[in-house]
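Only heavy atoms go into these numbers, but all of them, side chains included; no hydrogens, no water, no symmetry mates. In what follows, chains carry the letters A, B, and so on, assigned in the order in which the sequence lines appear, proteins first and then strands, with residues in each chain numbered from 1.
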Amino acid sequence: MTDHPPAILASQAFQRRLLDWFELHGRHDLPWQQDRTPYRVWVSEIMLQQTQVATVIPYFERFMARFPDVQALAAASRDEVLHLWTGLGYYARGRNLHKAARTVVAEHGGEFPVGSLEAMAALPGIGPSTAGAIIAQSTGWRAVILDGNVKRVLARLHAVEGWPGRPAVERRLWALAEHYTPDHRVVDFTQAMMDLGATLCSRGRPDCVACPFNDACRAHARGEQRRFPESKPKKAIPTRHAAMLLLQDDAGRVLLEQRPASGLWGGLWSLPQFEDEAGLLGWLDQHAPRAELDAAWSSFTHVFSHFRLEITPRPARVTRLDAVGESRRWFDPEAPDSIGLAAPVKGLLESLRPFTLSAPESPHSDVQEK
DNA sequence: AAGTCGGGGGA
DNA sequence: TCCCCAGACTT
């Protein structure tokens with residue numbers, strides 16, 4: 001047969017079972033579930049894109065403490081926004097968040113256009129699923145979401161073949177999500193779908209015994225729940241090399257360069273980076289011919305989703321460097337200021353600090369001396 | 001339609 | 001180690 005039969009469960013029956021499950025087993029105490037303003041929901045949804053809840057929570061709390069409303073965020077500098085984003089990844093999210101805040105203030109009078117899915121999705125960083133999530137969660141109006149959790153639940157329930165990254169598969173999943181989404185209790189419904197996918201219908205070890213849909217789930221009926229949704233066809237990822245110049249002046253400050261606004265680590269500060277040692281030496285020869293080179297540090301690898309970057313830090317010292325230029329600056333590792341740093345660079349700069357500085361404000365030190 | 005963006009966590 | 005995760009954007 002070429003056609004899927006209609007829904008296994010009537011839409012209303014699905015909703016009733018899901019909401020009953022949610023009352024008992026769903027998550028009701030996440031930080032963004034309190035005071036569900038469009039602003040708070042929006043920030044949480046952006047942070048949660050491709051990022052798990054446990055990772056997001058501390059970032060969300062810090063962000064709200066510093067930027068309690070969209071006006072505060074719009075008034076902030078991009079550097080400060082990216083500083084609070086450092087370590088969370090996908091930095092375009094942080095840039096888009098900042099840009100969208102300014103758009104909301106400048107063009108929407110400081111209020112999110114939650115009455116219009118199209119207007120929400122027109123804001124940078126908000127796609128179709130996030131737009132639906134913000135509307136549903138902050139207003140309770142009917143809106144359809146399709147994130148990774150919902151995709152997994154629906155792909156299993158209906159045994160939808162194919163990788164969800166393929167447009168045909170995604171269209172099918174959108175249609176299913178549209179079919180099951182109710183007119184009422186949409187806040188709970190959307191949260192329940194995500195909770196079901198994140199906990200019970202998890203990727204690795206779905207707990208089908210406890211699932212309210214185990215009598216209707218086609219993947220479970222076949223004993224193939226682990227096979228859905230199909231995973232992305234894999235490709236070997238290449239390794240690239242980078243020489244990073246760790247140039248310190250006699251005060252111990254380190255020369256940083258700002259990355260181009262778009263692309264890898266866009267807008268973040270990093271070390272001057274070269275394809276190889278020759279490039280690094282050539283740059284030094286031109287910009288700081290009197291610098292004293294030290295031996296290269298041992299290389300380490302930073303892994304991205306589509307390539308590995310083998311980084312070789314090359315320390316050098318200089319007493320004075322003129323004409324630092326527009327997109328360069330000196331950075332004091334012992335008095336770090338609020339800028340966005342590329343993750344491996346942040347680690348390198350922290351390793352420059354002596355162990356015995358004054359006690360850090362947050363008690364998170366791994367290895368305490370003594 | 002395919003490629004790009006990242007760090008963390010689980011298995 | 002490998003794979004994936006509350007996707008969106010660019011080409």
Side-chain angles (χ1 to χ4, degrees), chain A residues 26-27 30-33 41-60 82 85-97 99-100 120-134 136-137 143-153 155 162-171 173-174 177 190-199 201-206 226 228-238 259-268 270 301-309 340-347:
Chain A
R27 296 177 291 192
L30 298 172
W32 42 90
Q33 290 179 310
V41 171
W42 167 59
V43 172
S44 75
E45 291 296 334
I46 301 299
M47 288 186 169
L48 286 161
Q49 288 169 0
Q50 298 290 288
T51 311
Q52 294 178 352
V53 166
T55 304
V56 163
I57 287 176
Y59 285 89
F60 180 81
L82 290 178
W85 209 272
T86 296
L88 198 52
Y90 283 107
Y91 298 98
R93 295 184 301 172
R95 297 195 303 271
N96 285 332
L97 196 79
K99 202 184 307 177
M120 288 296 292
L123 292 169
I126 299 181
S129 182
T130 300
I134 297 170
Q137 293 283 315
V144 182
I145 66 168
L146 188 65
D147 63 13
N149 288 315
V150 180
K151 284 178 180 173
R152 185 165 51 252
V153 169
W163 174 52
R166 279 173 42 202
V169 179
E170 182 160 343
R171 278 197 300 276
L173 293 172
W174 270 111
T190 52
Q191 187 64 48
M193 285 294 279
M194 293 188 283
D195 286 359
L196 189 74
T199 61
C201 196
S202 64
R203 179 180 60 89
R205 206 175 59 78
R226 296 280 305 277
F228 296 93
E230 289 182 22
S231 54
K232 178 179 182 165
K234 49 181 164 182
K235 249 175 38 179
I237 65 174
R259 306 274 308 182
S262 62
L264 192 66
W265 294 327
L268 297 185
S270 186
T301 302
H302 187 77
V303 184
F304 295 94
S305 51
H306 50 304
F307 67 94
R308 304 167 188 283
L309 188 62
L341 286 170
V345 174
K346 183 168 186 253

Categorize [X] for me: base, sugar-phosphate, or nothing, with a 4.0 angstrom heavy-atom threshold over every strand shown.
X: Ser262(A); result: nothing
X: Ala133(A); result: nothing
X: Ile46(A); result: nothing
X: Arg308(A); result: sugar-phosphate
X: Arg95(A); result: nothing
X: Trp85(A); result: nothing
X: Gly204(A); result: nothing
X: Leu146(A); result: nothing
X: Gly165(A); result: nothing
X: Ser129(A); result: sugar-phosphate
X: Gln137(A); result: nothing

Query raised in the report: Which atom pair, heavy atoms only, marks the closest approach of Val345(A) to Ser270(A)?
Result: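 Nearest pair, atom of Val345(A) first, then Ser270(A): CG2-OG, 3.3 Å.
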Query raised in the report: If you look at every heavy atom in Arg152(A) and Ser202(A), which pair is closest and at what distance?
Result: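 Smallest interatomic distance, heavy atoms only, reads NE-C, 3.7 Å.
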Query raised in the report: Between which nucleotides of DNA chain B, read 5' to 3', does contact with chain A run, using atoms under 4.0 Å from its heavy atoms?
Result: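 First-to-last contact on DNA chain B, by the 4.0 Å heavy-atom rule, is dA1(B) to dG7(B).
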Query raised in the report: Arg27(A) and Thr199(A): side-chain donor and acceptor closer than 3.5 Å?
Result: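 There is no such pair between these side chains.
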Report task. Would you check if there is a donor-acceptor pair between the side chains of Arg93(A) and Asn96(A) at a distance under 3.5 Å? Result ->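 On atom types as modelled, these side chains do not qualify, holding no pair under 3.5 Å.
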Please state how far atom [atom1] in [X] lies from atom [atom2] in [N], giving the value in whole angstrom units.
X: Trp174(A); N: dG7(C); atom1: CH2; atom2: P; answer: 11 Å
X: Tyr91(A); N: dA8(C); atom1: OH; atom2: P; answer: 19 Å
X: Tyr59(A); N: dC5(C); atom1: OH; atom2: P; answer: 20 Å
X: Gln49(A); N: dC9(C); atom1: CD; atom2: P; answer: 8 Å
X: Asn149(A); N: dC5(C); atom1: CG; atom2: P; answer: 8 Å
X: Asn96(A); N: dC9(C); atom1: CG; atom2: C1'; answer: 8 Å
X: Arg226(A); N: dC3(C); atom1: CZ; atom2: P; answer: 14 Å
X: Lys232(A); N: dC5(C); atom1: NZ; atom2: C1'; answer: 13 Å

Query raised in the report: Side-chain N or O of Arg152(A) less than 4.0 angstrom from OP1 or OP2 on dC5(C)?
Result: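 Checking dC5(C) against Arg152(A), a side-chain N or O does come within under 4.0 Å of OP1 or OP2.
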Find out whether [X] and [Y] are in side-chain contact, i.e. whether some heavy atom of one side chain is under 4.5 Å from a heavy atom of the other.
X: Met194(A); Y: Ile145(A); value: yes
X: Val56(A); Y: Trp32(A); value: yes
X: Lys151(A); Y: Pro164(A); value: yes
X: Leu264(A); Y: Phe304(A); value: yes
X: Val169(A); Y: Leu173(A); value: yes
X: Phe60(A); Y: Val43(A); value: yes
X: Leu97(A); Y: Trp85(A); value: yes

Query raised in the report: How far, in whole Å, is dT11(C) from dG6(B) if one measures between their P atoms?
Result: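 Going atom to atom, P in each nucleotide, I get 15 Å.
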Requested in this report: Would you kindly compare Arg203(A) and Pro167(A) by the position of their nearest DNA chain B nucleotide and give the one closer to the 5′ end?
Outcome: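 That would be Pro167(A).
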Query - Whichever of Pro344(A) and Trp163(A) has its nearest DNA chain B nucleotide further upstream toward 5' - result: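 It is Trp163(A) whose nearest nucleotide is closer to the 5' end.
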Query raised in the report: Given pairs defined as Watson-Crick or G-U wobble with both distances under 3.5 Å, what dot-bracket annotation applies to DNA chain B, with ( ) intrastrand, [ ] crossing, | other strand and . unpaired?
Result: |||||.|||||
